[in-house]
Number of protein chains: 2
Amino acid sequence: MSDLVERLRGRGWRMTSQRRVVAEVLNGDHVHLTADEVHARAARLLPEISRATVYNTLGELVSLGEVIEVATDGRAKRYDPNAHRPHQHLVCSACGTVRDVHPAGDPLADLPPEERFGFTVSAVEVTYRGLCPSCA
Amino acid sequence: MSDLVERLRGRGWRMTSQRRVVAEVLNGDHVHLTADEVHARAARLLPEISRATVYNTLGELVSLGEVIEVATDGRAKRYDPNAHRPHQHLVCSACGTVRDVHPAGDPLADLPPEERFGFTVSAVEVTYRGLCPSCA
DNA sequence: ATCCTACGTTAGACAGAGTTCAGGTCAAGA
DNA sequence: TCTTGACCTGAACTCTGTCTAACGTAGGAT
Ligand SMILES: [Mn+2]
Ligand SMILES: [Mn+2]
Ligand SMILES: [Zn+2]
Ligand SMILES: [Zn+2]
């Protein structure tokens with residue numbers, strides 16, 4: 001996540017304390033924070049950061065391809081810095097916890113041509129649902 | 001969808017004009033309407049129907065297992081009367097059109113035990129994304 | 001057929017998530 | 001250091017969905 005600063009600068013983006021702090025928060029494995037969680041953690045490092053800036057920066061990171069947006073349910077979207085390797089998600093139906101998973105097989109290949117209705121299919125998302133150990 | 005009226009009655013539910021109209025709107029194949037779309041169409045048949053009743057009735061139909069809630073993106077949930085046969089969805093990234101698809105294989109079997117992190121996995125959703133013929 | 005009443009409906013207030021905007025701030029090149 | 005346009009802020013606003021109190025009515029009881 002630290003060379004993100006370089007990538008952003010390479011695209012002519014100003015490196016502000018706000019953007020640095022958001023990038024800092026989105027660091028680690030199995031990180032799937034909501035925008036408000038990102039804002040709360042960023043505000044511990046930079047108290048005056050605004051909600052709007054967090055939303056703007058997250059949206060920019062998504063456009064850059066550095067962060068993936070995960071729409072789990074009727075709840076808030078989660079922002080996932082693990083954009084390196086493609087993966088799918090396992091979501092707890094009770095508490096909303098999200099884990100990265102790597103299923104076998106290629107779901108795209110499982111969709112036969114006659115089931116594509118003339119669409120140009122380019123991506124597939126798989127969401128597994130169940131109860132996590134704490135909630136079971 | 002017409003014997004839905006009977007199933008509801010069998011559960012001791014009152015059959016009101018509002019519920020009949022919502023059931024009427026949710027009729028056909030590849031129907032994936034948002035709650036507000038259901039409300040708009042229901043209101044053409046029964047102008048005084050309220051938004052709250054549409055939400056209530058849709059929630060009841062989901063609890064009954066007669067309708068499936070589909071969260072396509074960060075937008076409004078869609079309500080799908082095709083609850084008979086399990087299926088997945090193909091969504092146009094441009095216009096949002098949703099089609100029912102039936103991929104081969106069992107995605108649940110593709111998630112090995114060591115990728116389940118102790119979860120009790122009970123369901124899986126697959127969403128294919130791409131451009132529909134009109135948008136391509 | 002009429003009455004009763006618990007269940008259903010309504011309008012509007014409310015809440016959470018996210019967007020927009022006018023005005024103030026500041027990163028970084030000259 | 002100066003300049004400037006990109007960036008940030010707070011507040012208002014939209015969108016989706018829930019809740020509530022008062023009103024209406026489906027359908028069994030009489
Ligand atoms: Mn992830
Ligand atoms: Mn469907
Ligand atoms: Zn859980
Ligand atoms: Zn389309």
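Since the model is a prediction, treat every value here as computed from it, not as a measurement. To find a chain, count down the sequence lines: A is the first, B the second, and so on, and within it residues start at 1.
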(request) May I ask you to check whether over 12 heavy atoms, not counting those of B:Arg41, lie within 6.0 Å of atom CZ? (result) no
(request) Treat each ILVMFWY residue as a node, draw an edge where side-chain heavy atoms are under 4.5 Å apart, and state whether B:Val54 and B:Val62 are in one component. (result) yes
(request) Check whether any side-chain heavy atom of A:Leu33 lies under 4.5 Å from a side-chain heavy atom of A:Tyr79, and answer yes or no. (result) no
(request) Provide, to the nearest angstrom, the distance between the CE atom belonging to A:Met15 and the P atom belonging to C:dA27. (result) 11 Å
(message) Is it the case that over 12 heavy atoms from other parts of the model lie below 6.0 angstrom from the CZ atom of B:Arg75?
(response) no
(request) Please state how far atom CZ in A:Arg75 lies from atom C1' in C:dG18, giving the value in whole angstrom units. (result) 18 Å
(message) Assess the residue pair B:Asn82 and B:Ile68 against the criterion (side chain to side chain contact (heavy atoms under 4.5 Å, CB included)); give the C-alpha distance rounded to whole Å, side-chain angles, the decisive distance to 0.1 Å, and a yes or no.
(response) CA-CA 7 Å; B:Asn82 182 10; B:Ile68 294 170; over 6 Å; no
(message) Give the residues of residues 43-60 of chain A touching DNA chain C, defined as any heavy atom closer than 4.0 Å, sorted by residue number.
(response) A:Arg51, A:Ala52, A:Tyr55
(request) Could you state the atom-to-atom distance from CZ of A:Arg78 to C1' of C:dA17 in whole Å? (result) 13 Å
(request) Using the side chain to side chain contact (heavy atoms under 4.5 Å, CB included) rule, take B:Asp110 and B:Val124 through it: C-alpha gap first, then chi angles, then the decisive distance, then the call. (result) CA-CA 11 Å; B:Asp110 286 342; B:Val124 57; over 6 Å; no
(message) Output the rounded distance in Å from NE2 (B:His39) to C1' (D:dC15).
(response) 16 Å
(message) Can you measure A:Glu37 atom CD to C:dG16 atom P for me and round it to whole angstrom units?
(response) 15 Å
(message) Taking the nucleotide of DNA chain C with the nearest heavy atom to each, does B:Arg14 or A:Trp13 sit closer to the 5' end?
(response) B:Arg14
(message) For A:Gly12 and B:Ser17, find the nucleotide of DNA chain D closest to each by heavy atoms; which residue's nucleotide sits nearer the 5' end?
(response) A:Gly12
(request) Would you kindly give the CD-to-C1' distance between B:Gln18 and C:dA11, to the nearest whole Å? (result) 14 Å
(message) C:dC7, OP1 or OP2 - any side-chain N/O from B:Thr16 closer than 4.0 Å?
(response) no
(message) Rounded to whole Å, please give me the gap between CZ in A:Arg19 and C1' in C:dA28.
(response) 13 Å
(message) Given B:His89, which partner from the list B:Arg99, B:His32, B:His30 fulfils the side-chain hydrogen bond (donor to acceptor under 3.5 Å, both in side chains) test?
(response) B:His32
(request) Take atom CG of A:Asp36 and atom C1' of C:dT19, then tell me their distance rounded to the nearest Å. (result) 14 Å
